[in-house]
Amino acid sequence: MPAHTTHDAPRDGADGARDGTAAVPDTSTTAETVAPAETVAPAETVAPAEAVAPAEAVTPLLRGIAVLRRLTEANDGTLSLSALERTTGLARSTVDRLTATLARMGYVRLDGRDVTLAPRLMELGNAYLAALRLPALLSARADALADELDESVSLAVGDRDGIRFIHQATRRRAMSLSFRIGDLLPAERTAPGPLFAAEWTEPDWHHWLERRTADPEDHAFPAVPPREHPTTDEDFRLRAAKAATDGHALDDQLIEPGLVALSVPVRDPGTGRVACVASVVSHTSRHTAPDLRTTLLPRLRAAVASMEDDLRTAPPPEPGPPRAGLATWTGASKQELGREFVESLARGLTVLTAFGEGRSALTLTQVAQATGLARATARRALITLGHAGLLTPAPEHTFTLTPRVLSLGFPPLSRTTLPEIAQPHLTALADRVHESTSLAVLSESGEEIQYTARASTTRVLSARVTVGARLPARATAPGHVLLALPEARTWGYALVDEELEAGLRSIAVPVRDRTGRVVAALNIAMHASRRTPTACRTDILPELSRTATHIEADLAVAGRFVHVPLT
């Protein structure tokens with residue numbers, strides 16, 4: 001299978017004018033001769049993503065990125081196909097093919113006419129966060145500070161003229177922080193913003209002024225309410241200068257009434273520049289902004305000093321092996337699905353996954369080797385991703401990911417729960433085996449199980465289990481699994497035959513998190529007359545285990561940098 005095919009060209013050409021990008025044939029034979037082998041046009045010289053794309057940009061990749069961004073901006077990560085057609089300006093046939101491709105990659109789910117972001121998409125944001133290393137090195141300090149102060153603590157990085165969260169340690173209160181990892185906020189309405197702006201160049205300030213003029217109410221920042229009380233441009237310049245002098249900054253209800261925050265920069269020990277900003281966030285019923293500074297600044301600075309020590313003493317990262325066979329997989333998918341699979345979109349997105357811990361900066365050659373793509377194909381993907389603002393050139397002919405990678409689905413998915421991850425898998429399992437399926441966790445007492453998700457069957461006689469119901473752990477198959485009773489430890493599953501109720505037979509397997517810890521049990525319950533215990537083991541257990549594996553794979557991706565609630 002060639003790296004790129006021309007199957008997409010006719011339709012891409014027809015749709016090109018509708019999203020403001022020129023049609024780009026899916027060929028790569030001439031791309032290598034346009035520029036030196038290891039170079040791509042710097043991000044600073046490329047027009048913004050909304051402008052006309054470079055001639056070598058891969059149009060289907062830009063369109064796929066636009067689809068993911070529209071889904072990210074939706075409240076629950078779900079839009080109908082017609083809504084995507086309307087918001088992207090693409091033809092419906094193009095939207096259908098793009099979403100079919102993203103579904104094949106596991107990045108979205110298709111449910112009738114609706115498209116929903118899927119946990120597997122978080123691997124793109126995970127690649128950025130792993131390459132950045134800051135969450136892995138500093139999140140434990142942020143969590144400990146949140147526990148010490150009993151206030152929400154966040155870590156943020158700069159994203160051009162905005163700030164983007166990379167870690168959140170929130171308090172569970174009726175009034176609590178609603179920002180998510182990956183959310184983008186305008187710098188001038190935050191506490192971290194002045195600390196980043198203190199290092200801006202004049203072109204940075206010029207870009208900021210252009211954005212303020214074009215979007216005075218901050219509609220481009222869906223994570224914050226529209227601006228109600230505009231401040232002058234000079235006001236933010238003064239705040240940035242003061243932050244540079246003071247070494248900290250305050251947000252006194254700039255985002256919305258009642259919200260206050262205090263920020264201190266965490267500096268890179270090698271360069272002395274701001275690596276990220278740590279913030280304590282509260283509300284005015286607990287602290288005024290001056291009180292927040294007076295009371296909590298010393299402890300925030302102490303935590304930041306420890307964070308900087310961690311950065312200084314951290315050993316060099318050990319690069320893990322990149323994912324193998326990506327080009328082969330995309331080629332096979334194209335062979336199987338034909339025109340419905342947009343291979344250039346899939347291959348472009350896989351370039352993002354070439355980055356990670358120990359692989360924060362890669363050359364064109366290294367990207368091609370990591371993905372298995374031809375150099376010309378990888379080069380066009382890099383050009384396109386640079387134009388979309390997802391990566392940028394770095395020293396020694398390398399490229400690095402930008403915080404904007406988090407705009408591809410990470411904010412809504414960062415709040416996902418285990419029941420939400422499991423639900424589509426439970427539904428598919430129930431459809432295959434024609435029996436009710438459920439997910440259960442162990443109660444705090446350890447004496448009961450609690451059902452957290454279920455999928456029913458259409459049988460007249462079926463196990464009626466409601467979400468939230470509790471049953472004695474020792475009388476149920478999920479309980480045997482969660483309590484690690486001898487049978488479950490030995491065989492990796494538990495079969496309970498009419499212990500809870502006459503005629504009720506159930507079989508369960510464990511669901512493990514990315515550390516290998518059993519966190520839930522996947523269960524199928526049925527009337528004893530339908531299957532013998534032997535039939536449960538031969539017919540049901542393989543399907544049950546396969547489904548648990550799929551749930552665990554999604555949980556491992558979702559839980560790499562985010563705490564996934566079990567209920």
Side-chain angles (χ1 to χ4, degrees), residues 118-120 122 143 169-172 413-430 433 435-457 462-496 499-501 504-526 536 540-541 543-567:
R120 192 65 59 87
M122 294 177 74
D143 294 344
T170 57
R171 304 291 89 187
R172 290 195 172 186
L413 291 171
S414 69
R415 291 290 178 89
T416 194
T417 65
L418 178 56
E420 290 169 339
I421 290 173
Q423 189 61 59
H425 299 290
L426 293 181
T427 302
L429 176 61
V433 301
E435 301 287 358
S436 296
T437 65
S438 61
L439 188 78
V441 298
L442 200 61
S443 67
E444 292 182 3
S445 69
E447 297 179 355
E448 295 177 313
I449 62 165
Q450 179 181 355
Y451 290 99
T452 58
R454 72 180 301 270
S456 60
T457 183
S462 62
R464 302 293 181 185
V465 175
T466 59
V467 172
R470 294 183 178 228
L471 294 174
R474 293 187 179 276
T476 63
H480 286 203
V481 167
L482 293 167
L483 292 172
L485 297 178
E487 177 192 18
R489 284 202 309 268
T490 302
W491 301 107
Y493 69 92
L495 179 65
V496 169
E499 291 184 27
L500 180 67
E501 181 180 313
L504 182 63
R505 180 171 292 146
S506 66
I507 184 170
V509 297
V511 175
R512 294 179 168 85
D513 64 13
R514 60 181 295 109
T515 69
R517 181 174 63 99
V518 176
V519 295
L522 181 63
N523 180 63
I524 290 179
M526 70 204 79
C536 287
I540 298 297
L541 182 58
E543 291 286 349
L544 203 59
S545 299
R546 189 175 302 115
T547 301
T549 299
H550 292 323
I551 295 173
E552 289 172 347
D554 283 352
L555 181 58
V557 174
R560 185 171 182 187
F561 293 104
V562 172
H563 170 68
V564 179
L566 301 183
T567 58

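Throughout, numbering of the chain's residues begins at 1 and tracks the sequence.
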Got Leu555 and Val564 here, is their nearest side-chain heavy-atom distance under 4.5 Å? yes
Within this structure, what is the CG-CZ distance for the pair Leu495 and Arg505, rounded to the nearest 0.5 Å? 7.0 Å
Just by distance, do the side chain of Glu420 and the backbone of Thr417 share a donor-acceptor pair under 3.5 Å? yes
Looking only at atom types and distance, does a side-chain atom of Thr437 sit under 3.5 Å from a main-chain N or O of Leu426, one as donor and one as acceptor? yes
How close do Ala473 and Gly446 get, counting heavy atoms only, and between which atoms? CB-O, 4.3 Å
Rounded to the nearest 0.5 Å, how far does CG of Asp554 lie from CE of Met122? 10.5 Å
Check whether any side-chain heavy atom of Glu448 lies under 4.5 Å from a side-chain heavy atom of Pro472, and answer yes or no. no
Heavy-atom donor-acceptor pair, Gln423 side chain to Arg454 backbone, under 3.5 Å: yes
Would you call Thr452 and Leu418 a side-chain contact if the rule is heavy atoms closer than 4.5 Å? no
Close side-chain approach of Asp513 and Val518, heavy atoms under 4.5 Å: no
Taking the side chain as everything from C-beta on, heavy atoms only, tell me whether Val433 gets closer than 4.5 Å to Ile540. yes
For Ser456 versus Ser436, what's the shortest heavy-atom pair and its separation? CA-OG, 3.9 Å
Determine whether Leu544 and Ile507 make a side-chain contact, defined as any pair of heavy atoms from C-beta on separated by less than 4.5 Å. yes
Using only atom types and a distance under 3.5 Å, with no angle test, would you say the side chain of His480 pairs donor to acceptor with the backbone of Arg474? yes
With rounding to the nearest 0.5 Å, note down the distance linking OG1 in Thr547 to CG in Leu439. 11.5 Å
Interatomic spacing from CG in Leu429 to NE2 in His550 - rounded to 0.5 Å: 10.0 Å
What are the two closest non-hydrogen atoms of Ala553 and Arg120, and how far apart are they? CB-NH2, 3.6 Å
Going from OG on Ser438 to CD1 on Ile524, what distance comes out if it is rounded to the nearest 0.5 angstrom? 8.5 Å
Heavy-atom pair of closest approach, residues Pro419 and Pro565: CD-O, 4.1 Å
Taking all non-hydrogen atoms of both residues into account, name the closest pair between Arg514 and Ala556 and its distance. NH1-O, 2.5 Å
Any idea which heavy atoms bring Val511 and Ala548 closest together, and the distance? CG2-CB, 4.4 Å
Should Ser443 and Arg470 count as side-chain neighbours, where that means a heavy-atom distance under 4.5 Å? yes
Examine distances only and state if a side-chain atom of Arg512 and a backbone atom of Arg517 form a donor-acceptor pair shorter than 3.5 Å. no
Given side chains that start at C-beta, do those of Leu483 and Leu442 come closer than 4.5 Å, heavy atoms only? yes
Quick one: pull up OH in Tyr451 and CG in Asn523 and give me the separation to the nearest 0.5 Å. 5.0 Å
